[in-house]
*Asks:* 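Sending over a structure as structure tokens; questions will come in a sec.
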Amino acid sequence: MPWPIYLALKQLFPSGRRFPFFTLISILGVALGVALLVISISVMGGFGHEIRRMIVDTQGEVQVKGRGYLADAAPLHAAIARVPGVVATTAYAEGVALIEHDHKPAYPALQGIDLEHVDAVIPLRRFVRLGSLDRLDDDSVILSSQLAHSLGARLGSRVELYSPLLLEKLKNDEVMLPRELEVVGIFEVGHQQLDSSVVLVTLRTMQDLYGLGRGVHGINVKIAEDADPDRVARLINSALPPEANAEARSWIDANQDFLFVLQLEKNMIFFLLTFIIIVAAFSVASSLLIAVVRKTREIGLLGALGGRPSQVAACFCFQGFFIGIAGTVAGLALGFTFLHFRNDLIRVFTQLTGSEEVLARFYQFSRLPAYTAPSDIATIVICSIVISTLAGLLPAWRAARLKPVEALRSE
Amino acid sequence: MTQDSASSGNLSVQRSALSVERSATVAAAAPVLAARSLAKTYLTGTQRLQVLRDVSLTVLAGESVSIRGESGSGKSTLINLLAGLDAPDAGTLEWGGGPAAAGRRADFLGIVFQSFYLIPEMDALANVLMAARIRGRIGAAERSRARELLAKVGLGERTTHLPAQLSGGERQRVALARALMNGPQLVLADEPTGNLDEHTGDAVIELLLGLCRDTRTALVLVTHNAAHAAKCDRPLTLHEGVLG
């Protein structure tokens, strides 16, 4: 082992002492910065990941929408199915309706789903908490959990639906009779907005309520695991006949503004929290500078024994480097431990502060999501080690400038 | 009896036995140190202080030279110049017939200081091995030699002790072992007993002279102590920057 590395290790971890105070504090400073970065970036990544999962799980990776509505979707299904990378398709119709139960009204979004094909594209069954998707027919609905709670509806309850078509009939002095449907299921996605305002009905029910005939509003497309959603959307667009008057958009394209804001927030958090590591690095630099002053005569001795100034400098740079490595490893361990117990810790915290509802209300998720991308970890590790090593540069430069004869003479 | 004085007794016997042989060897040996007309001046404010004037010194292999002088006579400045740690204003310096370059210092020189300068984070063995590490040669042979040297200076049982756990005399003995670690041709000792009591100082000087003699290493000893100076082959005096 080259002597600058050996001496750097000895000065950080001297013989006979388990953990010197300077080393401990320096490593702790870097570790805290790294842990905060890992936690923040993972939680931000979790939000992005959850949103992606939610969009893909409820809409598929690509959505083909008609400008207006698609009167005949059958030829489109065939055209889309031939596109490379497409696994399955399912038609849908959507709209807003007035729903009433026990004199309590609500205005949820209605999703008409094609029961024959929906399973191949959207894993709805996974989200049904009570009842069953198999029981859904033209005379029944599945409610989102918070909507059911606010309406006071349970399995077997009967709800009344008023569609915009009924209002049109009212204008023409026709009799307005709501559609009465039985609640056969309650679902929960884990996203506050979806769980409080969505009602699932069959595609035929939706076509009846909106007077669509055999028409649909769009087609959800499931693509292969390794397929690129943007590329498949482009291929679908070139495969669609011009008279279809429809356009395919990937979930990334459809949500690009939101995803941009999410990425921007993540980058800003990374930028701001990196300053914690920089502050820790200043503390390391300050401690190493003090060490250079304190060990002036030792530095002189190294020169007298034949050590070159560049080697003396390397010794202090390596101290910063080793602090960076140890702090990063400790920070990663601390960060991942926190992430592992994050929901338990947050539950305790929200119970103590009485803010259990805040997470769901403001952040849309019932549990704090976390997703750590390997590339984010690589960036954090590299930044942390580079910054810590740079912290050793100024002390190293000071040490290298000391002339052995003057250093040995110093008091 | 302390370990320091025990070592001193053994080595003084060896010294007497070898004294005749040494005189013959020294005469035939090539110079390991050749300093010619060295001069050094320091600027103190607006005043120029000439510390060394036209100092010339030749030291042969295995020879021991002592330099005595009053405080401020330039002894330490001379040692720094001879060690290549400082540059002279005039004159030339050669080590073993070659240039006195910083890159040769680890191979050629061993230096012993008044203040020991042991690295406090390392035990005695690691401090001795530091000279070999800086030279770039560290292996089983070097570890074995370091242990052997520590045993020779009477610290064979204390290799794992930190400097803080050693007495002043023991620390200086570790410094002696470190100076001899790379098998230098010349040892420069700058008042090695200055921080020690008289008894311990005597023991350290006996040890230093004995080790240098055993290994045929030339020695330049700077000291205040007349008795220590007298034990060297060639006692010299530095007075007002002139060596005589």
*Asks:* Which region of B:S76, side chain (C-beta onward) or backbone (N, CA, C, O), has a non-hydrogen atom less than 4.5 Å from a non-hydrogen atom of chain A, or is it both or neither?
*Replies:*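 Contact with chain A is absent: no heavy atom of B:S76 under 4.5 Å.
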
*Asks:* Looking at side-chain heavy atoms only, is the closest gap between A:L301 and B:L118 below 4.5 Å?
*Replies:*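 A:L301 vs B:L118: side chains apart.
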
*Asks:* Would one find more than 12 heavy atoms of other residues, nucleotides or ligands at under 6.0 Å from atom CD of B:E70?
*Replies:*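 Atom CD in B:E70 is not crowded, with 12 or fewer foreign heavy atoms closer than 6.0 Å.
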
*Asks:* Looking at B:R135, B:M130, B:R104, which has the largest count of heavy-atom pairs under 4.5 Å with chain A?
*Replies:*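 If we count pairs closer than 4.5 Å to chain A, B:M130 comes out on top.
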
*Asks:* With a 4.5 angstrom heavy-atom cut-off, is it the side chain or the backbone of A:K295 that approaches chain B, or both, or neither?
*Replies:*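 For A:K295, side-chain heavy atoms alone lie under 4.5 Å from chain B.
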
*Asks:* Any chance CZ of A:F282 has more than 12 other-residue heavy atoms, nucleotides or ligands included, within less than 6.0 Å?
*Replies:*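 It does not: A:F282 CZ has 12 such atoms or fewer within range.
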
*Asks:* Can you tell if the side chain of A:L305 reaches within under 4.5 Å of the side chain of B:N182, non-hydrogen atoms only?
*Replies:*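 In short, these two side chains do not touch, never coming nearer than 4.5 Å.
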
*Asks:* Got more than 12 heavy atoms from elsewhere within 6.0 Å of CZ, A:R398?
*Replies:*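 No, because the 6.0 Å sphere around CZ of A:R398 holds 12 heavy atoms or fewer from other groups.
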
*Asks:* Can you tell me how far CG of B:D123 sits from NZ of A:K10, rounded to the nearest 0.5 angstrom?
*Replies:*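 Those atoms lie 6.0 Å apart.
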
*Asks:* Could you go step by step and tell me if A:Y6 and B:M122 meet the side-chain contact (heavy atoms from CB on, under 4.5 Å) rule?
*Replies:* CA-CA 11 Å; A:Y6 174 82; B:M122 295 183 189; 3.6 Å; yes

*Asks:* Side chain, backbone, both or neither: which part of B:R178 has a heavy atom under 4.5 Å from chain A?
*Replies:*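 For B:R178, side-chain heavy atoms alone lie under 4.5 Å from chain A.
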
*Asks:* Between A:E298 and B:Y117, is any pair of side-chain heavy atoms under 4.5 Å apart?
*Replies:*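 Counting from C-beta outward, A:E298 and B:Y117 never come under 4.5 Å.
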
*Asks:* Heavy-atom pairs under 4.5 Å with chain A are the metric here; pick the option from B:I119, B:I111, B:T160 that has the most.
*Replies:*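 When all of B:I119, B:I111, B:T160 are compared, B:I119 has the most.
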
*Asks:* Using a cut-off of 6.0 Å, state whether more than 12 heavy atoms not belonging to A:H340 lie near its atom NE2.
*Replies:*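 Atom NE2 in A:H340 is not crowded, with 12 or fewer foreign heavy atoms closer than 6.0 Å.
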
*Asks:* Write down the atom of A:A304, the atom of B:R105, and the distance for their closest heavy-atom approach.
*Replies:*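 Scanning both residues completely, I find the closest heavy atoms to be O-CD, 3.0 Å.
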
*Asks:* Quick one: NZ on A:K403 to CG on B:N80, what's the gap to the nearest 0.5 Å?
*Replies:*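 If I round to the nearest 0.5 Å, the distance is 12.5 Å.
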
